[in-house]
Amino acid sequence: MSAVTLSVLDLAPVQADVSAGDALRATTRLAQHAEELGFRRFWVAEHHNMPGIASSAPAVVLAHLAASTSRIRVGSGGVMLPNHPPLVVAEQFGTLEALHPGRIDLGIGRAPGTDPVTARALRRSAEGLGGESFPRELTALIGFFRGADGEGIVASPGRGTEPAVWLLGSSGYSAQVAAVLGLPFAFAHHIAPDNTAAALALYRDNFRPSDVLSEPYTIVAASAICADTDAEADRLAAPRDLAFAQLRAGRPQALA
């Protein structure tokens, strides 16, 4: 069996009594350390209206992380497409790919990553927020990178500077969309651990080769604690599990 390639997914957590700037500087140091250790990727997640998370603008954070590192791939885990017009995402990530060719991953999610009121404020209308709009908007996004949007609109940068596009998900629906489009698929095991095996099987069984991928390729995102013994890992995990739950609820806490 070949070795598993390891990567990092970060939320830029804002711990108690520190600023968002402190959190983002810590994320930068973590990305640099991950590169030194030989990790393959460093992704940041998009969340909104959560005071405990500082990664609300992935494209901005990734520009800084890419400039602060030299080899590791950096990307979004993910950009939540319902929150953004596809053209804007294409231009942002086309710019990143133009600046840092071969190092940018664009992970796309179909959930807004926030509450409905905040999602509407981001999008400025309800249009595009429904799940039924996602395949159309994803296809439009990919079309902008490849100069095939159908309306004569050019994403610049964007056209000709396509990053590696990933589809993120925690369900069989996203797995099947990724398979049909021939995209790599990242499954959120840390969110839906009971769905992992079934979703990956759906993806592999329905995969269609594409211009960017000839065979299925997957990432599984899992929470992990490393320690010298199982007992020490259990001891470290307990307070962090609570802190993560509080973080997602928008209540930053110190991680002892």
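All values reported here derive from a predicted model rather than from experimental measurement.
Between the CG atom of Leu9 and the CZ atom of Arg41 there is a distance of 12.5 Å, given to the nearest 0.5 Å.
His48 and Thr118 share no side-chain donor-acceptor pair at under 3.5 Å. Side-chain contact annotation: Arg29 with Ser68, donor-acceptor N/O pair under 3.5 Å absent. Between the side chains of Asp10 and Trp43, not a single donor N or O lies within less than 3.5 Å of an accepting N or O.
The main-chain N or O of Met80 is found under 3.5 Å from a side-chain atom of Glu46 such that the two form a donor-acceptor pair. Although no hydrogens or angles enter the test, the distance criterion places a donor-acceptor pair under 3.5 Å between the side chain of Ser55 and the main chain of Leu11. The closest donor-acceptor contact from the side chain of Glu97 to the backbone of Gly102 lies under 3.5 Å. The backbone N or O of Ser19 sits less than 3.5 Å from a side-chain atom of Asp22, completing a donor-acceptor pair. Formation of a donor-acceptor pair under 3.5 Å by the Arg146 side chain with backbone atoms of Arg159 is not found in this model. A donor-acceptor pair is defined here as one N or O able to donate and one able to accept, closer than 3.5 Å; such a pair exists between the side chain of Arg103 and the backbone of Ala66.
Ring orientation note: the planes of Phe185 and Tyr203 are tilted relative to one another, at an angle of 30° to 60°.
Remark: Phe145 pairs with no residue by the ring-ring contact (aromatic ring centres under 6.0 Å, His included) rule, at least two apart or across chains.
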